[in-house]
Student: 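The following block contains the structure, expressed as structure tokens.
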Amino acid sequence: MKIDGDKALQNAFRIKPMHRYPGLQDQQRSRDGLLFPSLKPSFSLSRGARVFTLGSCFARNVEEVLAGEFELPAMRFKAPKTEWKFRPNGLLNEYNPAAMSQRLLWAANGQNIADMDCALAGSDDDCIDLLLAGGSAVTRSRALERRREIDQIYADLPGSEVLILTLGMTECWYDTEQKVHLNRGPLPAMVRAEPKRYRFERLDVGESYLMLVKGIDAALSAGLKRVLLTVSPVPLQSTFSGDDCVMANQFSKSVLRIVADRLRRRFVGRLDYFPSYEIALSGGLSAFGDDHVHVRPDIVRQIVEYLCASYIKSDRV
């Protein structure tokens with residue numbers, strides 16, 4: 001970004017006092033030990049609108065607050081406890097830009113993953129779907145049936161009022177034989193058996209940006225109206241990069257934050273950025289649970305309520 005000096009001065013004076021980092025006396029942006037950056041929403045939502053949530057577990061947090069007030073297609077999916085012991089629709093979590101872009105392209109093009117014979121590992125009786133966030137092994141027939149259920153969910157994405165897209169991390173795996181990015185890592189035994197087939201990738205800014213531009217543009221062209229983009233504050237929990245996970249996580253989040261800003265400038269008026277990442281991290285480790293991974297429920301609620309207050313045509317949700 002390059003701005004003429006007079007314009008830069010105008011920018012600073014135009015947003016006073018938001019041009020300065022908030023101190024203790026800034027009650028508008030600093031409260032309860034958290035910082036809440038001021039927002040300029042380019043759109044708003046009416047109750048009852050269809051809101052599609054895609055991304056890491058923060059997408060599930062958003063759903064829980066919006067439930068009952070909006071049409072939330074992703075909440076229709078419920079995996080049995082025998083397949084997934086956490087949130088019933090947590091199997092829909094997507095974490096990296098490659099998998100998210102892939103999923104957006106499939107939904108925009110009406111391509112059913114149940115018809116795709118890829119990323120299914122194991123035998124007919126003990127099958128793992130590598131396009132999902134995790135889960136227990138199932139029969140191959142059940143894996144395909146579950147893909148059909150998920151296809152029905154994603155059929156609602158093009159007609160949604162807004163897509164809330166939560167970026168999680170930049171580390172991912174690629175199947176070089178079937179030419180598909182995976183949503184979970186292949187089992188170690190699979191890598192040992194075919195070491196050249198599965199490739200680990202740590203996406204950089206350019207790769208992540210181009211992938212997401214392609215997916216978002218396809219979704220908007222297919223009928224999606226708006227995108228609300230955010231970066232998950234939940235850290236990368238393990239890394240294959242060879243770096244300490246603390247440093248690998250910072251690299252990942254820094255890349256995603258830059259990508260988010262570039263996307264905001266690319267899709268002006270159709271894509272907003274919401275600072276859930278900045279809000280959570282402003283509270284330090286005290287904003288997280290004892291595992292230092294998951295954001296405390298009360299913090300999550302404050303973040304999502306701020307999102308709702310900013311974007312929904314109502315004082316409360």
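Counting from 1, the numbers follow the sequence of the chain as shown.
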Student: Classify the angle between the aromatic ring planes of F240 and W173 as parallel (below 30°), tilted (30 to 60°) or perpendicular (above 60°).
Tutor: perpendicular

Student: For R301, is the CZ atom crowded, meaning more than 12 foreign heavy atoms sit under 6.0 Å from it?
Tutor: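 No.
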
Student: Using a 3.5 Å distance criterion without hydrogens, assess whether the side chain of D272 forms a donor-acceptor pair with backbone atoms of S42.
Tutor: yes

Student: Quick check: is L271 connected to I258 through a chain of hydrophobic side chains (ILVMFWY, heavy atoms under 4.5 Å apart)?
Tutor: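 Yes, same cluster.
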
Student: Does any N or O in the side chain of S254 come within less than 3.5 Å of the main-chain N or O of Q250, such that one atom is a donor and the other an acceptor?
Tutor: yes

Student: Keeping the roles fixed (side chain from N109, backbone from L105), state whether a donor-acceptor pair exists under 3.5 Å.
Tutor: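 Answer holds: yes.
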
Student: Do L92 and R103 come close enough that some side-chain heavy atom pair is under 4.5 Å?
Tutor: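 A side-chain contact is absent here, since even the closest heavy-atom pair is not under 4.5 Å.
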
Student: Between E161 and R50, is a salt bridge (charged side-chain N to carboxylate O under 4.0 Å, His left out) present by the stated rule, with each step listed?
Tutor: CA-CA 5 Å; E161 185 71 22; R50 182 186 299 171; over 6 Å; no

Student: Hey, does K225 have a side-chain heavy atom less than 4.5 Å from the side chain of V162?
Tutor: no

Student: Look up atom CD1 in I128 and atom OG in S123, then write down how far apart they are to the nearest 0.5 Å.
Tutor: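 I128 atom CD1 to S123 atom OG measures 9.5 Å (nearest 0.5 Å).
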
Student: Between D4 (side chain) and D6 (backbone), is there a donor-acceptor pair under 3.5 Å?
Tutor: no

Student: Carefully, step by step, assess F274 and I279 under the rule side-chain contact (heavy atoms from CB on, under 4.5 Å).
Tutor: CA-CA 10 Å; F274 178 77; I279 297 171; 4.2 Å; yes

Student: Where is the tightest heavy-atom contact between L281 and P233, given as atom of each residue plus distance?
Tutor: CD1-CB, 4.2 Å

Student: Treat each ILVMFWY residue as a node, draw an edge where side-chain heavy atoms are under 4.5 Å apart, and state whether F267 and L54 are in one component.
Tutor: yes

Student: Specify the closest pair of heavy atoms between L157 and L163, including all atoms of both residues, with the distance to one decimal.
Tutor: CD1-CD1, 4.4 Å

Student: Within a strict 4.5 Å, meaning less than it, do heavy atoms of the S208 and V255 side chains meet?
Tutor: yes

Student: Between F288 and V293, which heavy-atom pair has the shortest distance, and what is it?
Tutor: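 That closest heavy-atom pairing would be CD2-O, 3.4 Å.
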
Student: Test side-chain contact (heavy atoms from CB on, under 4.5 Å) on R184 and L130 and set out the steps.
Tutor: CA-CA 6 Å; R184 60 183 291 186; L130 298 177; 3.8 Å; yes

Student: Side chains of E63 and N89: do they bring a donor and an acceptor to under 3.5 Å?
Tutor: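 There is such a pair between these side chains.
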
Student: Show your reasoning for whether side-chain contact (heavy atoms from CB on, under 4.5 Å) applies to Y277 and I303.
Tutor: CA-CA 9 Å; Y277 176 71; I303 293 172; over 6 Å; no

Student: Taking M211 as the starting point, is it possible to reach F251 by hopping between hydrophobic residues whose side chains are less than 4.5 Å apart?
Tutor: no

Student: Tell me, do Y174 and K179 make a side-chain contact under 4.5 Å, heavy atoms counted?
Tutor: yes

Student: When hydrophobic residues are tied together by side-chain contacts of less than 4.5 Å, even through go-betweens, does I312 share a cluster with M75?
Tutor: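 Yes, I312 and M75 fall within the same hydrophobic cluster.
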
Student: How would you list, by chain and number, every residue that makes a side chain to side chain donor-acceptor pair (under 3.5 Å) with S241, sequence neighbours excluded?
Tutor: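 If we apply the side chain to side chain donor-acceptor pair (under 3.5 Å) test to S241, skipping adjacent residues, the hits are T239.
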
Student: So do R262 and V205 actually touch side chain to side chain, heavy atoms under 4.5 Å?
Tutor: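 Yes, close enough: below the 4.5 Å cut-off.
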
Student: Check W106 against I113 and note the closest heavy-atom contact, atom names and distance.
Tutor: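 Answer, listing the atom of W106 first, then I113: CE3-CG2, 3.3 Å.
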
Student: Between R147 and M116 (side chain of the first, backbone of the second, donor and acceptor by atom type, cut-off under 3.5 Å), is there such a pair?
Tutor: yes

Student: Linking I/L/V/M/F/W/Y whenever their side-chain heavy atoms sit closer than 4.5 Å, directly or via other members, would L263 and F43 fall into one cluster?
Tutor: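 Shared cluster, yes.
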
Student: Hey, is the main chain of D124 close enough, under 3.5 Å, to the side chain of T139 for a donor-acceptor pair?
Tutor: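 No: the side chain of T139 does not pair with the backbone of D124.
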
Student: For side-chain contact (heavy atoms from CB on, under 4.5 Å), just list the numbers for C57 and V234, CA-CA rounded to whole Å, side-chain angles, deciding distance to a tenth of an Å, and then say yes or no.
Tutor: CA-CA 8 Å; C57 53; V234 177; 3.8 Å; yes

Student: Got a second to check how far L72's CG is from E69's CD, nearest 0.5 Å?
Tutor: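 It comes to 10.0 Å.
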
Student: Please enumerate all residues that pass salt bridge (charged side-chain N to carboxylate O under 4.0 Å, His left out) together with D115, with sequence neighbours excluded.
Tutor: none

Student: Can you see which heavy atom on C127 is nearest to which on A143, and at what distance?
Tutor: SG-CB, 4.2 Å

Student: Hey, what do you get for CG (D217) to OG (S221), rounding to the nearest 0.5 Å?
Tutor: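 It comes to 4.5 Å.
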
Student: Does Y273 reach the side chain of V231, with side-chain heavy atoms less than 4.5 Å apart?
Tutor: yes

Student: Quick check against the 3.5 Å criterion: does D32 have a side-chain atom that pairs as donor or acceptor with the backbone of L34?
Tutor: no

Student: Drop me the distance from R202's CZ to E207's CD, to the nearest 0.5 angstrom.
Tutor: 11.0 Å

Student: Is the side chain of S310 donor-acceptor paired with the backbone N or O of Y306 at a distance under 3.5 Å, no angle test?
Tutor: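 Here the side-chain-to-backbone pair exists.
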
Student: Mind checking whether L131 and V180 have side chains closer than 4.5 Å, heavy atoms only?
Tutor: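 Side chain of L131 against side chain of V180, heavy atoms only: contact under 4.5 Å found.
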
Student: Would you say the side chain of L228 lies within less than 4.5 Å of the side chain of L307, judging by non-hydrogen atoms?
Tutor: yes

Student: Check for a donor-acceptor pair, side chain of T53 on one end and backbone N or O of I164 on the other, with a separation under 3.5 Å.
Tutor: no

Student: Calculate, to the nearest 0.5 Å, the distance between atoms NZ and OG1 belonging to K253 and T170 respectively.
Tutor: 9.0 Å

Student: Taking E149 as the fixed residue, which of K78, R142, R76 is the one that meets the salt bridge (charged side-chain N to carboxylate O under 4.0 Å, His left out) rule?
Tutor: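 Checked K78, R142, R76 against E149; only one passes salt bridge (charged side-chain N to carboxylate O under 4.0 Å, His left out): R142.
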
Student: Excluding sequence neighbours, so at least two apart, what forms salt bridge (charged side-chain N to carboxylate O under 4.0 Å, His left out) with R265?
Tutor: D261

Student: At what distance, to the nearest 0.5 angstrom, does CG of L132 lie from CD of E83?
Tutor: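 With rounding to 0.5 Å, CG (L132) is 9.5 Å from CD (E83).
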
Student: Which atom names give the shortest non-hydrogen contact between T166 and A59, and what distance separates them?
Tutor: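 Where T166 meets A59 most closely, the heavy atoms are OG1-N, 4.0 Å.
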
Student: Donor-acceptor check, side chain of R296 to backbone of S286, threshold 3.5 angstrom: yes or no?
Tutor: yes

Student: Of the options D126, D125, D117, D129, which is the one that meets R140 in a salt bridge (charged side-chain N to carboxylate O under 4.0 Å, His left out)?
Tutor: D117

